[in-house]
Amino acid sequence: MFEGRVALVTGGTRGIGAAITQCLVESGASVAAGYSRGKERADEFVQQFGDKGSNVSIHQGRVDDVNDCNRVVKEVMDRFGRVDFLVNNAGITVDKTVRKMSVDDWRQVLDVNLSGAFQMTKAVLEHMIERGSGRIVNISSVIGETGNVGQANYAASKAGLFGFTKSLALEMAQRGITVNCVAPGFIGTEMVAAIPEAALAKVVEKIPQRRLGKPEEVARVVRFLLEDDSSYITGAVYSINGGLDM
Ligand SMILES: NC(=O)c1ccc[n+]([C@@H]2O[C@H](COP(=O)([O-])OP(=O)(O)OC[C@H]3O[C@@H](n4cnc5c(N)ncnc54)[C@H](OP(=O)(O)O)[C@@H]3O)[C@@H](O)[C@H]2O)c1
């Protein structure tokens with residue numbers, strides 16, 4: 001399906017990002033997967049691809065550092081010669097109520113989750129414009145739609161991605177570039193494993209399907225948005241949340 005295409009997936013070596021990398025490689029794409037700290041895990045992750053390993057590269061870089069973003073894109077261009085798809089997936093949480101949240105807690109989350117997506121997009125956008133084609137998918141969250149106690153910084157960053165997605169979709173609408181968002185609910189990754197067990201049980205009770213989502217369930221929607229046949233979908237938000245918010 002994606003033979004000859006190149007995807008750059010930030011945070012692409014674990015959690016939802018790893019599932020996206022896997023899904024796109026299985027669909028024939030070459031994938032450059034970014035990571036920030038987990039070099040050992042990133043190395044292990046690549047090894048699992050066996051003979052498809054040459055279609056996967058890993059790139060250390062912080063999305064909240066503009067120089068890292070530009071360097072990573074240069075590395076990907078040097079390795080694969082093009083970037084067809086950008087998936088802005090890297091994200092963090094620093095959960096505290098607003099009363100306890102420091103300015104630094106606020107900034108850290110906004111810098112990675114929102115400014116990171118902006119900076120990575122800037123780093124690839126001119127290349128996509130020159131080629132007259134490209135797909136950008138931003139990984140937001142149901143929390144950007146509903147808000148959540150202890151997640152004002154995270155909710156603001158994820159709601160910000162909706163506005164960023166729609167504005168960029170408008171700017172790119174006549175340039176062959178689509179820009180969309182997916183908004184997962186609670187997905188079984190390390191990010192969710194950090195939620196205390198009792199609190200997580202209460203969350204699951206509120207999900208109409210009564211279970212966490214799987215990273216692959218998010219990955220398959222991302223893949224759908226990257227397909228040639230999805231060319232008329234832009235500025236959209238796809239919810240993947242087991243009915244938690246509708
Ligand atoms: N899990 C959920 O329930 C859920 C729900 C809705 C939305 N999301 C969103 O989905 C995305 C992936 O979440 P996840 O659950 O897979 O999280 P995760 O398992 O914690 O993985 C986060 C990924 O982001 C990378 N990352 C963190 N800070 C970075 C930085 N400064 N620069 C570059 N990369 C950085 C990490 O790289 P390292 O491994 O190198 O640290 C890691 O690959 C996030 O944007 C998250 O907000 C998750």
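Just follow the structure's listing: the first ligand is 1, and inside any ligand the first atom is 1.
No donor-acceptor contact under 3.5 angstrom links the side chains of Asp245 and Ser239, judged on distance only. Residues Gln48 and Gln22 bring a donor and an acceptor atom of their side chains to less than 3.5 Å of each other.
A salt bridge links Asp84 to Arg131: one of the charged nitrogens lies within less than 4.0 Å of a carboxylate oxygen. The pair Glu75-Arg71 counts as a salt bridge, with a side-chain nitrogen and a carboxylate oxygen less than 4.0 angstrom apart. Salt-bridge annotation for Arg41 and Glu190: present, with a side-chain N of the basic residue lying under 4.0 Å from a carboxylate O of the acidic one. By the 4.0 Å N-to-carboxylate-O rule, Asp111 lies too far from Arg62 to be salt-bridged with it. Of the charged side-chain nitrogens involved, none lies within less than 4.0 Å of a carboxylate oxygen, so that Asp104 and Arg107 do not count as a salt-bridged pair.
Here the protein heavy atom with the shortest distance to atom 21 (O) of ligand 1 is Arg14 NH1, 3.7 Å. At the shortest separation from atom 6 (C) of ligand 1 among protein heavy atoms lies Pro184 O, 3.3 Å. Ranking the protein heavy atoms by distance from atom 14 (P) of ligand 1 puts Thr189 OG1, 3.6 Å first. In terms of protein heavy-atom proximity, atom 32 (N) of ligand 1 is nearest to Val63 N, 2.9 Å. Among protein heavy atoms, atom 27 (C) of ligand 1 sits closest to Ile92 CG2, 3.6 Å. With hydrogens left out, the protein atom closest to atom 47 (O) of ligand 1 is Tyr154 OH, 2.5 Å, a heavy atom. Scanning the protein for heavy atoms near atom 31 (N) of ligand 1, the closest one is Asp64 OD1, 2.9 Å.
Arg175 CZ: 12 or fewer foreign heavy atoms inside a 6.0 Å radius. In Glu3, the CD atom is crowded: over 12 heavy atoms of neighbouring residues, nucleotides or ligands sit closer than 6.0 Å.
Considering Ile187, Ile16, Asp65 only, the shortest heavy-atom separation from atom 48 (C) of ligand 1 involves Ile16. Scanning Gly15, Ser140, Gly91, Ser141 for the heavy atom closest to atom 22 (C) of ligand 1 points to Gly91. With Gly144, Gly11, Gly61 as candidates, the residue nearest to atom 33 (C) of ligand 1 on a non-hydrogen basis is Gly61. The residue from Asn89, Ile20, Val109, Ile139 that puts a heavy atom closest to atom 44 (C) of ligand 1 is Asn89.
At a 4.0 Å heavy-atom cut-off, ligand 1 does not touch Ala183 at all. With a 4.0 Å cut-off on non-hydrogen atoms, Arg41 does not touch ligand 1 at all. With a 4.0 Å cut-off on non-hydrogen atoms, Phe186 touches ligand 1 through its backbone and not its side chain.
Ligand 1 lies less than 4.0 angstrom from a heavy atom belonging to Lys158.
For ligand 1, the atoms lying closer than 4.0 Å to a non-hydrogen atom of Arg37 are 38 (P), 40 (O), 41 (O).
A ring-centre distance under 6.0 Å is found for Phe2 and Phe85.
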